[in-house]
Amino acid sequence: MRFSNLFAPTLKDDPTDAEVVSHKLLVRAGMIRQVARGIYDYLPLGLRALRNVERIIREEMDRAGAQEILMPAICPAELWQESGRWDRYGKDLLRLKDRHERDFCFGPTHEEVVTDIVRREIRSYRDLPKNLYQVQTKFRDEIRPRFGLLRGREFLMKDAYSFHVDRADCEREYRRMYEAYERVFSRCGLRFRAVEADTGAIGGSLSHEFQVLAESGEDSIAACNACSYAANVELAALGPAPVDALTEEASAELRRVSTPNRRTVEDVSSYLDIPADRFIKTLIFVREDGSPIAALVRGDQMLSEAKLRVALGVPWVGLADADVVRRVTGASVGFAGPVGLDAPILADQTLEGIRGAASGANQDDEHLVGVEHGRDFGDGVTFADLREARAGDRCARCGEGTYEIYRGIEVGQVFYLGTKYSTALGATFLDASGQSQVMEMGCYGIGVSRTLAAAIEQSHDENGIIWPKPLSPYPIEIVPVSMNDAAVVSAAEKLAADLQERGIETLVDDRDERPGVKFKDADLIGIPLRVTVGKKGLDRGIVEVKHRKDGTVEEVAVGDAAARLAERAL
RNA sequence: CGGGGUGUAGCUCAGACUGGUAGAGCACUGCGUUCGGGACGCAGGGGCCGCAGGUUCAAAUCCUGUCACCCCGACCA
């Protein structure tokens, strides 16, 4: 490809609306342009890189035995009503009406549609298992799209769904997909970690996320420094042992103290001069049916909603609004406490046996001090692992190591779904004995466009993108230093032709620009190998090969260049 | 949805407080000089100052509304 002909409008300045580096660089390098909030054009270079991610995914999915299909982007409401998600999915679901006023949605995920295909066509255990995948544009009307391709509303996703005769077979496929994902992300040149994950709105009971390690990531993951266990912090298992000896605090008299308008742990802590870890933080939640529940964690800890859901065995909980809080506690938000509270209470296990603690008094502008588990509250309290893991917390899996916390960008997730959708939609088969059985399902997603952005988050410098070789729009860029020097131009063109003969497509910067301009753009665009063809080199019979990654330059004899480059480009 | 911010040339931004001929740098066009890390000179082109109302002799500037985009929060593969 000749640069003079390429549609790659590069920019010198960072666009003001971009915050993270992948967004800035993708725009500056002329690879994407925003069309609307969270919706982007892919220009030629960006699209080529995106296609590379797709290609790797397809190769590994096919290798793992999955089959590609393509489902509609626009899906009829009926299927979503059948699974119950039409009402439950919320505003992320973009709903549309056709000219006949029939309801449709732009598919944010395709469990319903794929399950519908399978229930209509598969009747026998002999037809199972099946793993069907697609690479498709999805739309989720996110509350707050941001970070360019990392959290768009429209995005490219690979989603796969597998169907099985029993759980064991489904778990076998789960492992196969897990391994396929490891290959995909390794081939993309990413540093990543597979972590145990929450199953969220999709449902199911076993799940791993594939997290690309990057400071700009929106997820926090906890990884044990002694064993192989890693999990999203909202789920990372913590042991029952208290992190410090709260129970050794002397028993104290229960007293009521005035705390006018001090609602947060921080406020009350500084007002009463009691450290935050001596507080029992009481959060009121409601379940799907509206029934309230109180969740207790220490004042210096963060409650994990995911862990609370798991402990309750429910798919959803939400923080109660002010009215519910008043009804349950008799006070406004900020003064809830476990003593005398008339609601089921779940408490983090580190609170078991706590003494001399402070908590809300269930009365406006008052707190209690000297609170003691067992003496002042405890009846009907269930202890569970409810808090978010922090750096230094002991790993509950091995009991040896402690957690280190990393930021991650979730680029893929695998789920064991069980029979949630197959039951709702009636995807059944006849087993060997002629009995009707419900299919076991798994689902497996990769954010294709997000993976592209994640690669840049992880691989760039102050001058621009540094593409991992397998993702680069072109393997090699050739830069003739001057277009006015016939020898330079013809050497560059001959090299491009020789490489083309070897099946390697190059980007040749044939623009009549000053060398500095071409070098800057080459760095920005980030192609891994840059061949500089200049008079100085040609006089000595060499061209220069510069590695984008580390800036090293090697001189290669003109005659050997094509062969040498062909080796390196592959 | 709540809080904050910004909309002026393709990009980055001045101008607004104090109303009076719409600006700079980069980019773009032409000519010339230059040519190994974002050159220089000369001459040009390019604007419904987000949109709609209002105030005024006069509005980019003041007022009201509205739309878009960005940030923080709640939410989320």
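A note on names: the letters A, B, ... follow the listed sequences, proteins ahead of strands, and every chain is numbered from 1.
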Within this structure, what is the CG-to-C1' distance between A:Asp509 and B:rG36, rounded to whole angstrom?
-> 14 Å
Look at the side-chain N and O atoms of A:Arg146 and state whether any lies under 4.0 Å from the OP1 or OP2 oxygen of B:rC71.
-> no
Reading nucleotides 1-9 of chain B 5' to 3', which nucleotides get B (base under 4.0 Å from a protein heavy atom), which S (sugar-phosphate only), which -?
-> ---------
In whole angstrom, give me the gap between the P atoms of B:rC26 and B:rC42.
-> 12 Å
So which nucleotide does B:rA24 pair with, by the Watson-Crick or G-U wobble rule with both distances under 3.5 Å?
-> B:rU12
Between C1' of B:rG10 and CG of A:Asp41, the distance in whole Å = 15 Å
Hey, is the side chain of A:Lys546 pairing donor to acceptor with the base of B:rG36 inside 3.5 Å?
-> no
Going by heavy atoms in the side chains, are A:Phe3 and A:Glu513 under 4.5 Å from each other?
-> no
Rounding to the closest angstrom, what is the interatomic distance between B:rG73 and B:rU55 at atom P?
-> 43 Å
For nucleotides 24-27 of chain B, print each protein N/O atom paired with a nucleotide N/O atom at under 3.5 Å, atom names and distance only.
| residue | atom | partner | partner atom | Å |
| --- | --- | --- | --- | --- |
| B:rC26 | O3' | A:Lys12 | NZ | 3.2 |
| B:rA27 | OP1 | A:Lys12 | NZ | 3.3 |

Using side chain to side chain contact (heavy atoms under 4.5 Å, CB included) as the criterion, list what pairs up with A:Arg176, not counting sequence neighbours.
-> A:Ala64, A:Arg172, A:Glu173
Just wondering, do A:Lys138 and A:Pro108 contact through their side chains at under 4.5 Å, heavy atoms?
-> no
Quick one: list whatever passes salt bridge (Lys or Arg N to Asp or Glu O under 4.0 Å) with A:Glu68, sequence neighbours left out.
-> A:Arg58
Whole-angstrom distance between B:rU21 and B:rC62, as gauged at atom P = 16 Å
Rounded interatomic separation in angstrom, taking CG from A:Asn232 and P from B:rC75 = 14 Å
Considering only atom P, compute the distance from B:rU66 to B:rU29 and round it to an integer number of Å.
-> 43 Å
Keeping to residues at least two apart or across chains, list the ring-ring contact (aromatic ring centres under 6.0 Å, His included) pairs with something in residues 536-558 of chain A.
-> none
Short N-O contact, A:Glu60 and A:Arg183, less than 4.0 angstrom = yes
Any donor-acceptor pair under 3.5 Å linking the side chain of A:Gln458 with the backbone of A:Leu213?
-> yes
Considering only the P atoms, how many Å lie between B:rA16 and B:rU6, rounded to the nearest integer?
-> 15 Å
Does A:Arg548 pair with A:Asp461 as a salt bridge, N-O distance under 4.0 Å?
-> yes
Base-pairing mate for B:rA52 - Watson-Crick or G-U, with both contacts under 3.5 Å | B:rU64
So what does A:Glu305 touch, heavy atoms closer than 4.0 Å: a base, only the sugar-phosphate, or nothing?
-> sugar-phosphate
G-U wobble or Watson-Crick pairing nucleotide for B:rG2 (cut-off 3.5 Å, both distances) = B:rC72
Report yes if some heavy atom in the side chain of A:Cys75 is under 4.5 Å from a heavy atom in the side chain of A:His110; otherwise report no.
-> yes
Sugar-phosphate, base or nothing in reach of A:Asp523, heavy atoms under 4.0 Å = base
Partners of A:Trp80 by ring pair (Phe, Tyr, Trp, His ring centres under 6.0 Å), sequence neighbours excluded?
-> A:Tyr89
Side chain A:Arg530 and base B:rG36 donor-acceptor under 3.5 Å | no
Over how many whole Å does the gap from A:Glu544 atom CD to B:rG37 atom C1' extend?
-> 12 Å
Value in whole Å for how far the C1' atom of B:rA74 lies from CD of A:Glu142 = 13 Å
Who are the salt bridge (Lys or Arg N to Asp or Glu O under 4.0 Å) partners of A:Glu179, not counting sequence neighbours?
-> none
Checking A:Ser304 side chain against A:Glu234 main chain: does a donor-acceptor pair fall under 3.5 Å?
-> yes
Decide, applying a 5.5 Å centre-distance limit and a 30° plane-angle limit (both strict), whether A:Phe415 stacks on B:rA77.
-> no
Nucleic acid contacts of residues 447-456 of chain A, taken as heavy-atom distances under 4.0 Å to RNA chain B | A:Gly447, A:Arg450
Starting at CG of A:Leu538 and ending at P of B:rG36, how long is that distance when rounded to a whole Å?
-> 14 Å
Establish, with yes or no, whether the OP1 or OP2 oxygen of B:rC75 is under 4.0 angstrom from a side-chain nitrogen or oxygen of A:Arg140.
-> no
Which residues pass the salt bridge (Lys or Arg N to Asp or Glu O under 4.0 Å) test with A:Glu544, sequence neighbours left out?
-> none
Determine the Euclidean distance between corresponding C1' atoms of B:rC49 and B:rG3; express it in Å to zero decimal places.
-> 28 Å
Identify all pairs in which a protein N or O lies below 3.5 Å from an N or O of nucleotides 30-35 of chain B, and state each distance.
| residue | atom | partner | partner atom | Å |
| --- | --- | --- | --- | --- |
| B:rU34 | O2 | A:Arg514 | NH1 | 2.8 |
| B:rC35 | N3 | A:Asn484 | ND2 | 3.4 |
| B:rC35 | N4 | A:Asn484 | ND2 | 2.9 |

Verify the contact: side-chain N or O of A:Thr16 to OP1 or OP2 of B:rU12, cut-off strictly under 4.0 Å; return yes or no.
-> yes
List in chain and number order the residues that pass salt bridge (Lys or Arg N to Asp or Glu O under 4.0 Å) with A:Glu112, two or more places apart in sequence or in another chain; answer none if no residue qualifies.
-> A:Arg85
Just call it for A:Pro9: base, sugar-phosphate, or nothing, with non-hydrogen atoms closer than 4.0 Å on any strand.
-> nothing
Counterpart base for B:rA77, defined by Watson-Crick or G-U wobble contacts under 3.5 Å | none
Would you mind telling me which of B:rC69, B:rG38, B:rA77 lies closest to the side-chain atoms of A:Met157?
-> B:rA77
Pairwise P distance for B:rU18 and B:rU64, with rounding to whole Å | 15 Å
For B:rA74 and B:rU61, measure between their P atoms and round to the nearest Å.
-> 37 Å
Any A:Gln34 side-chain N or O less than 4.0 Å from OP1/OP2 of B:rC70 = yes
Given atom CG of A:Asp461 and atom P of B:rG37, what is their separation to the nearest angstrom?
-> 18 Å
Is there side-chain contact between A:Leu303 and A:Lys281, with at least one heavy-atom pair below 4.5 Å?
-> no
Are any of the side-chain nitrogens in A:Glu555 or A:Arg540 under 4.0 Å away from the carboxylate oxygens of its partner?
-> yes
Complementary nucleotide for B:rC40 - Watson-Crick or wobble, under 3.5 Å = B:rG32
Taken in chain and number order and not counting sequence neighbours, the residues that satisfy side chain to side chain donor-acceptor pair (under 3.5 Å) with A:Glu19 are none
Can you tell me the distance, in whole Å, between the CZ atom of A:Arg153 and the C1' atom of B:rA68?
-> 12 Å
Please work out if A:Gly90 contacts a base, only the sugar-phosphate, or nothing of the nucleic acid, heavy-atom cut-off 4.0 Å.
-> nothing
Of A:Arg28 and A:Glu19, the one whose closest RNA chain B nucleotide lies more 5' = A:Arg28
